[in-house]
Participant: 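Structure provided below as structure tokens; questions to follow.
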2 protein chains.
Amino acid sequence: MISFQEAEIRSSIIKALAHPVRLMIVDLLQSGEKQFSEINSAFQLDKSTISKHLLVLKEAGIVSSRKDGHDMIYKLEVPCVTDFFGCVTAVIENNIRRQQVCLFNP
Amino acid sequence: MISFQEAEIRSSIIKALAHPVRLMIVDLLQSGEKQFSEINSAFQLDKSTISKHLLVLKEAGIVSSRKDGHDMIYKLEVPCVTDFFGCVTAVIENNIRRQQVCLFNP
DNA sequence: TGCTTTATTGGTAAAAATACCAACTTCCCA
DNA sequence: TGGGAAGTTGGTATTTTTACCAATAAAGCA
């Protein structure tokens, strides 16, 4: 079995993705780099809230940022995070399927 | 972009994996079904704590359980969760690489 | 039927995560 | 060089998560 320390490192990365807003940000960045203001305007949340979500993603190594004049550009650093979504979809589909089995075989 | 509701559903599944103990449990279950007592004895935690972690995984649809006499058997329901680990490893490696770049190019 | 083993549930205290407002830093440009 | 635009940081209240202990439920066995 993996060590607790290894599990802590892994879970810190997974935890960074474990929030709907951060998931939507990652989804947004899949189509390429975005300015902070573009990301921010996709939500009805305070800009400081978005800034902190981006910091969480950055500290996990999932996104990176660079300054460009006034603006801050954010970029998806590890494209494979989209692999997560494939499996998450599989879990959701499996859940639906099993619930149906339950309904038909109570 | 995905909807907030879709993102909430996805993040609830990712959140279930966002804890070192639950990650270790999933890792343990990759080699096959395990009794509760086997899982429990892999940790120095109260059995109620382990039971609650298993409940989180179960409610997310990641594991399932069945009774066998005295014992409760837990099983990994969606093997693809191991896909997560591949990407997590990639993130970790990328983080290490970039930190080295930093060290060599300060 | 009572007893024991096995696991879950209830309750609670402590820690972590989240969102907002306000204040601050940076950077461009007039 | 001072004003404004763009983001970040600090501070705080609220919510969520987590771990323990104690009590409860389920199932085989004496």
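Below, each value reflects all heavy atoms present in this structure, side chains not excepted, and no hydrogens, waters or symmetry copies. In what follows, chains carry the letters A, B, and so on, assigned in the order in which the sequence lines appear, proteins first and then strands, with residues in each chain numbered from 1.
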Participant: In whole Å, I'd like the distance from the CE atom of A:Met72 to the P atom of C:dT26.
Facilitator: 11 Å

Participant: With a 4.5 Å limit on heavy-atom distance, are the side chains of B:Val88 and A:Phe84 in contact?
Facilitator: yes

Participant: Going by distance alone, is a donor N or O of one side chain under 3.5 Å from an acceptor N or O of the other, for A:Lys34 and A:Ser31?
Facilitator: yes

Participant: Give B:Leu45 one of three labels, base, sugar-phosphate or nothing, depending on what nucleic acid heavy atoms sit under 4.0 Å from its own.
Facilitator: sugar-phosphate

Participant: Considering just the side-chain nitrogens and oxygens of A:His19, establish if one lies under 4.0 Å of OP1 or OP2 belonging to C:dA16.
Facilitator: no

Participant: Applying a 4.0 Å non-hydrogen cut-off, can you work out what A:Ser37 is touching in the nucleic acid: base, sugar-phosphate, or nothing?
Facilitator: sugar-phosphate

Participant: Provide, to the nearest angstrom, the distance between the CZ atom belonging to A:Arg22 and the C1' atom belonging to C:dT18.
Facilitator: 9 Å

Participant: Looking at the side chain of B:Ser48, which of D:dC21, C:dC20, D:dG7 is the nearest nucleotide?
Facilitator: D:dC21

Participant: With a 4.0 Å cut-off on heavy atoms, is A:Lys15 in touch with a base, just the backbone sugar-phosphate, or nothing at all?
Facilitator: sugar-phosphate

Participant: Does C:dA19 have OP1 or OP2 under 4.0 Å away from a side-chain N or O of A:Thr49?
Facilitator: no

Participant: Report yes if at least one side-chain N or O of A:His70 is closer than 4.0 Å to OP1 or OP2 of C:dC29; otherwise report no.
Facilitator: no

Participant: Could you check how far NZ of A:Lys67 sits from P of D:dT8, rounded to whole Å?
Facilitator: 7 Å

Participant: In whole angstrom, what separates A:Asn40's CG from C:dA19's C1'?
Facilitator: 13 Å

Participant: At under 4.0 Å between heavy atoms, what does B:Phe43 touch on the DNA or RNA strands: base, sugar-phosphate, or nothing?
Facilitator: nothing

Participant: With a cut-off of less than 4.0 Å, is there a side-chain N or O of A:Tyr74 near OP1 or OP2 of D:dT8?
Facilitator: yes

Participant: Within the supplied structure, the quantity of interest is the number of heavy atoms (other residues, nucleotides, ligands) at a distance under 6.0 Å from A:Lys75 NZ; does it exceed 12?
Facilitator: no

Participant: Whole angstrom is fine here: how far is it from CD1 in B:Ile50 over to P in D:dA19?
Facilitator: 8 Å

Participant: Using atom CZ of A:Arg66 as one end and atom P of D:dT8 as the other, report the distance to the nearest whole Å.
Facilitator: 14 Å

Participant: Of all the choices, D:dT9, C:dG10, D:dA19, which nucleotide is nearest to the side chain of A:Leu55 once you look at every atom?
Facilitator: D:dT9

Participant: Describe the nucleic acid contact of A:Lys52 in one word from base, sugar-phosphate, nothing, applying a heavy-atom distance below 4.0 Å.
Facilitator: base

Participant: Nearest nucleotide by nearest heavy atom, which residue falls closer to the 5' end of DNA chain C, A:Asp46 or A:Gly69?
Facilitator: A:Asp46

Participant: Using a strict 4.0 Å threshold on nitrogen-to-oxygen distance, state whether B:Arg10 and B:Glu6 make a salt bridge.
Facilitator: yes

Participant: Salt bridge or not between A:Lys58 and A:Glu77? Use side-chain N to carboxylate O under 4.0 Å.
Facilitator: no

Participant: A:Lys47 has an atom NZ; how far is it from atom P of C:dC20, in whole Å?
Facilitator: 13 Å

Participant: What's the CD-P distance between B:Gln35 and C:dT6, to the nearest Å?
Facilitator: 9 Å

